[in-house]
Amino acid sequence: MSEIGPRVLVVDDEQAIRKFLRVALTAQGFMVFEVSSGLEALTTASNCKPDIIILDLGLPDMDGIDVVRLFRQATKIPIIILSVRGSEDDKINALDAGADDYLTKPFSAGELLARLRANLRRTSQTETELVFINGDLTVDLTKRLVTLANHDVQLTPTEYDLLKILVTHAGKVLTHHQLLKEVWGSEYEQELHILHVNISNLRHKIEPDPTRPRFIITEPGVGYRLRTA
Amino acid sequence: MVDKLIRPSPDKLLERIKTDEARKGRGRLKIFLGYAAGVGKTYAMLEAAQRKKNETDVVVAYVETHGRTETEALLSGLEVIPRKQVQYRGLAVDEMDLDAVLARHPKLALVDELAHTNTPGLRHPKRYQDAEELLEAGIDVYATLNIQHLESLRESVAQITGVWVRETVPDSIIDQADEIELIDLPPDDLLQRLKEGKVYISEQISHAVANFFRKGNLSALREYSMRISADHIDSQVREYMSAHTIHGPWPTAERLLVCVTPGRWGSRIIHTARSLSLQLNAEWTAIHVETPGSVDDSPEQQEQLTNLIRLAEKLGARVEILQGLSVANTILEYAYKSNITKIILGKPRDVHLRNILSRSVANQVVRRSKYVDVYIVSGKGQPLEQNVLPVKQLPVQWLRYLLSLALVFCTTLIGSMVNPFLHPVNIVMLYLLSIVISAIYFGFGPSILTSVLSLLAFDLFFIPPYFTFTASESYYLFTFAVLLAVGVVISYLASRIRGQSEATQRRENETATLYSLSKQLSVSIGLKPTLKTIIDTAKDQFRQNAVVFLPGKQKKGILEAFPEKSGIIQGENENAVAVWTYQHQKAAGHGTDTLPDASALYLPLSTAHGGIGVLALWPLDSDNRLTVQQDRLLKAFADLASMAIERAQLAEVANDARVLEASQKLQTALLNSISHDLRTPLVSIIGVLSSLQEESITLDNDAKNNLIQVALEEAERLNHLITNLLDVSRIEAGALKLFRQPADMQDIVGAALEQIGNRYQTRKINVEIPDGLPLIPVDTSLIIQVLVNLLDNAFKYSGADSVVDVGALQKAGEIQVEISDRGTGIPEQDLQHVFDKFYRVQSPHNVSGTGLGLSICRGIVEAHGGIISAENRPGGGTIIRFKLPLVSNSPERGMVK
């Protein structure tokens with residue numbers, strides 16, 4: 001039990017939320033550092049060297065998005081932003097500025113931990129996970145093989161590329177733009193209908209109930225996320 | 001009659017209070033009064049102004065120096081308001097600029113020659129009315145006036161000087177003046193000045209100047225001027241005494257009654273009554289008695305009557321029009337009823353056939369007057385009616401006489417036919433019949449003619465010796481006498497009855513008009529219908545076009561007209577007259593003393609609470625002059641209209657108040673409901689958490705998990721409610737921002753189902769969304785919210801086992817989404833209202849929730865340019881359907897009611 005867990009920097013001006021995060025994260029073995037403003041975050045980060053940052057967008061002294069940008073100038077530490085409902089453009093801007101994921105308030109402890117795990121996994125991995133398993137779905141990147149309940153699933157190359165990027169970022173949100181840029185190229189960044197069509201096709205092929213997706217989750221207004229087990 | 005106590009009557013006190021109130025804002029009038037031109041009134045006025053100029057704001061509104069240097073010198077240092085140039089018949093005429101003076105609003109204004117007649121086109125016909133307006137505006141006035149311009153003295157002056165003055169000023173000007181300064185100059189000195197050429201002679205009297213400026217005349221005039229001045233002081237003293245309730249030589253409270261009849265001496269009688277009323281400090285009433293015979297009055301007699309009534313009103317009398325069979329009886333009845341102490345009548349008119357039969361009115365009144373004094377005023381001197389209209393020949397009258405003649409002729413013919421068979425006595429009956437017929441149908445005069453002619457014809461044709469005007473037997477004389485007598489009596493009675501019935505008919509018409517109008521107005525609900533009724537009635541009953549002006553709601557000082565476009569009442573001029581009428585609450589326009597050039601008559605509409613508008617009238621047909629009765633009726637009509645308008649306006653105010661009260665009640669109820677709904681989930685959450693914290697409560701894991709599950713669900717419910725409330729307030733504030741992106745319907749439904757997942761995990765949902773639906777540009781999270789709310793509703797209002805269907809399809813340029821449940825359904829009458837804020841359908845299950853969900857759905861859908869509706873499913877349950885356009889044509893911002 002003396003394993004030192006990952007270091008988390010919590011940036012939020014609300015004391016109650018900081019307290020809740022500290023309790024929940026410490027119970028899971030994280031080491032938690034708390035600050036209450038953007039400036040403090042920037043200074044403390046260089047001292048304590050966190051493995052992941054949880055950043056509230058509604059900070060009193062600086063715009064959260066500016067904090068993300070400033071961080072990104074210096075480091076690649078994963079940043080999860082906390083946002084409120086109704087500010088989709090804030091979320092997208094933050095993700096475009098370099099944040100890795102987001103949580104919408106109010107969120108449950110489970111969601112929080114899932115996000116943390118998903119975003120920490122990337123950095124701590126020495127080799128990329130090449131096989132993704134969730135329930136009946138298996139995606140083997142080395143063999144380019146996708147199976148659902150032991151049945152092979154035939155995907156078009158585009159669908160496979162789409163699934164691949166979701167898998168490599170499993171558990172993390174990917175914005176529409178990111179997906180379009182990665183799979184189709186930067187000229188297609190605005191072609192949302194292509195993305196939707198392909199996601200829909202993909203869902204029809206790998207989801208048991210395409211109308212109630214269990215794997216490819218819609219993040220409304222932002223993008224998509226592949227749910228992990 | 002009855003002696004009143006030595007104390008001012010309550011009426012008088014009330015009058016005093018009213019006058020004082022009215023006076024508070026009023027300017028003070030000082031008149032420089034002279035008995036002839038050249039005594040130095042203008043000079044004195046300017047001297048007085050010079051004395052005041054250092055301490056008061058004095059301006060010269062209009063002063064005529066006539067080029068005299070001494071007078072002009074006195075103008076130095078005084079501010080002169082430039083005169084107004086008016087074009088009249090190709091000439092440029094200088095007049096006082098009333099509006100400029102009002103705008104300048106000095107403390108004191110100098111106005112020369114009050115009796116001057118203004119050029120047509122100015123607001124008032126006479127300069128004294130301009131002065132009146134200045135006084136009403138609170139400006140003090142110094143004015144000059146010659147006594148021969150006073151209305152009551154016109155006749156006397158004419159007697160003295162032989163000059164008939166045309167420009168007059170009502171005596172009320174003198175009465176109302178606060179101060180009168182008599183400018184006196186001994187006649188010899190005046191004549192001297194005349195010789196020296198220092199006196200201005202106006203062209204009007206230049207032709208009679210020799211006559212006018214004779215010493216005897218001047219002395220007489222001088223005496224008049226002194227008398228008037230003294231009277232004025234006297235009345236001021238008495239006013240002062242009564243104001244301070246100084247017990248003085250109080251006269252017994254007299255009340256005067258004067259009877260007005262059309263005739264040459266009518267106005268003289270009225271003036272006499274007025275002087276008497278001033279002398280006795282008594283109030284006076286002028287009455288006119290309408291008899292059945294009044295229908296026979298010629299139009300010019302009617303006009304004379306109208307003018308006399310107006311004159312009496314102007315001079316300060318109370319005026320009443322009474323109906324009765326006998327003038328004398330009516331007068332006396334009224335006198336007794338109203339405690340009249342003195343009656344003033346004119347001497348009997350020229351001998352009229354009517355007066356032979358019944359004694360003259362004056363005689364009757366005198367005989368039966370009991371305790372009341374009767375004053376008989378004679379018509380002396382020149383008749384006052386200078387403008388006598390030519391007597392119009394009435395062919396109708398002559399026609400009737402002709403018919404009488406024809407009637408007698410016919411009767412004679414018939415008589416001669418039956419003569420062989422009947423005794424002559426029976427022929428008399430035939431003639432009697434013809435007399436009765438002509439009395440009923442032709443009128444008094446013609447039937448008298450018929451009587452006489454019948455008598456003659458009877459004697460001529462049927463009494464031996466035939467064809468002579470004699471009778472063979474003496475007893476026939478008796479027949480003749482009785483025939484004639486009966487004829488006359490029947491004529492008289494019949495004409496009276498006819499006149500009476502006509503008068504009654506007329507009165508009944510008037511009453512019916514007023515009754516029907518008041519009924520119609522009481523039925524009209526709402527301001528616009530009321531105004532329409534008023535305008536229609538004016539057209540039907542009075543044959544007048546009407547426009548109602550009411551104060552505009554937006555701008556002050558502007559009147560809005562109903563109907564808005566009406567032909568004549570257009571343009572600023574007419575509007576200005578309406579505004580003037582509204583501000584001064586006095587009739588103006590055609591036929592009045594103010595702005596008589598206007599094309600319409602403007603009557604103020606007012607109630608006990610003050611002025612509420614203006615009624616403008618102009619005749620439907622070109623020549624339509626109102627008689628006295630119509631005038632009266634019109635005033636009554638205007639009063640009814642005012643009350644109806646006020647009622648409609650008050651009803652609107654009451655309605656608004658009611659609505660406000662209802663909405664406030666609703667708001668209170670809502671606040672209570674919302675706070676309850678917000679608190680309830682917290683109860684569970686706090687309850688659960690505190691239980692978990694409580695050491696004394698030991699729970700096994702299952703129990704703990706259960707509790708925790710409950711708390712989580714309640715927390716989600718609270719989150720949902722708060723989201724709804726925030727959305728509502730954003731929609732209300734118009735701050736709903738749409739963040740549109742092309743979105744996939746399947747995506748959206750999936751996300752909505754995901755969100756709702758925890759609360760309704762066990763419920764069955766059937767989703768039918770075809771592939772290949774085009775992307776739709778919507779704010780994804782808002783539409784998800786719509787679906788979440790609709791699903792929430794569907795689950796709440798249907799049984800735990802029933803299925804909820806979700807479907808979407810493309811229809812024309814829209815995506816249509818339907819959510820159906822198999823629950824209780826919505827009652828027919830609620831289907832429309834179910835999307836209203838806080839609307840809850842009466843449900844036997846007592847479902848929780850505030851009723852906001854559907855209204856938010858509507859707000860969001862409509863912000864996207866779509867439509868949402870509800871209907872019942874055949875077979876039970878509800879379908880909520882919303883359509884969203886594929887092409888967005890609504891602005892990005894949500895602007896929803």
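Quick caveat, the model's predicted, so the values are computed rather than measured. Order of the sequence lines sets the chain letters (A, B, ...), proteins ahead of strands, with each chain counted from 1. Note that these values count all heavy atoms, side chains included, but never hydrogens, waters or copies made by symmetry.
Shown here for A:S200 and B:Q746, the closest heavy-atom pair between the two residues is OG-OE1, 3.0 Å. A:T218 and B:D747 make their closest contact through OG1-OD1, 2.7 Å (heavy atoms, listed as atom of the first residue, atom of the second, distance). Heavy atoms only, all atoms of each residue included: B:G750 and A:P213 are closest at CA-CD, 4.1 Å.
Chain B forms more heavy-atom pairs under 4.5 Å with one residue of A:P210, A:P220, A:G221 than with any other, namely A:G221.
Around NZ of A:K164, the count of heavy atoms belonging to other residues, nucleotides or ligands within 6.0 Å does not exceed 12. Around CZ of B:R679, the count of heavy atoms belonging to other residues, nucleotides or ligands within 6.0 Å does not exceed 12. Annotation for A:N150: atom CG does not count as buried by contact number, only 12 or fewer foreign heavy atoms lying within 6.0 Å. Within 6.0 Å of the CD atom in A:E187, the count of heavy atoms belonging to other residues, nucleotides or ligands exceeds 12. A 6.0 Å sphere centred on CD1 of B:I867 holds no more than 12 heavy atoms belonging to other residues, nucleotides or ligands.
Residue B:D744 holds its CG atom at 9.5 Å from CD1 of A:I199, rounded to the nearest 0.5 Å. Distance check, rounded to the nearest 0.5 Å: CG of A:D89 to CD of B:Q741 gives 9.5 Å. Remark: B:T780 OG1 to A:E219 CD distance equals 11.5 Å, nearest 0.5 Å.
Residue contact with chain A, scored on non-hydrogen atoms closer than 4.5 Å, is absent for B:I748. No part of A:R214 comes within reach of chain B, as not one of its non-hydrogen atoms sits under 4.5 angstrom from that chain. When heavy atoms are compared at a cutoff of 4.5 Å, B:A752 does not approach chain A at all. Contact of B:I769 with chain A is not made at all, since no heavy-atom distance falls under 4.5 Å.
Among residue pairs with one or both ends in residues 765-784 of chain B, none qualify as salt bridge (Lys or Arg N to Asp or Glu O under 4.0 Å); sequence neighbours excluded.
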Donor-acceptor contacts under 3.5 Å from residues 24-31 of chain A side chains, at least two apart:
| unit_1 | atom_1 | unit_2 | atom_2 | d |
| --- | --- | --- | --- | --- |
| A:T26 | OG1 | A:R22 | O | 2.4 |

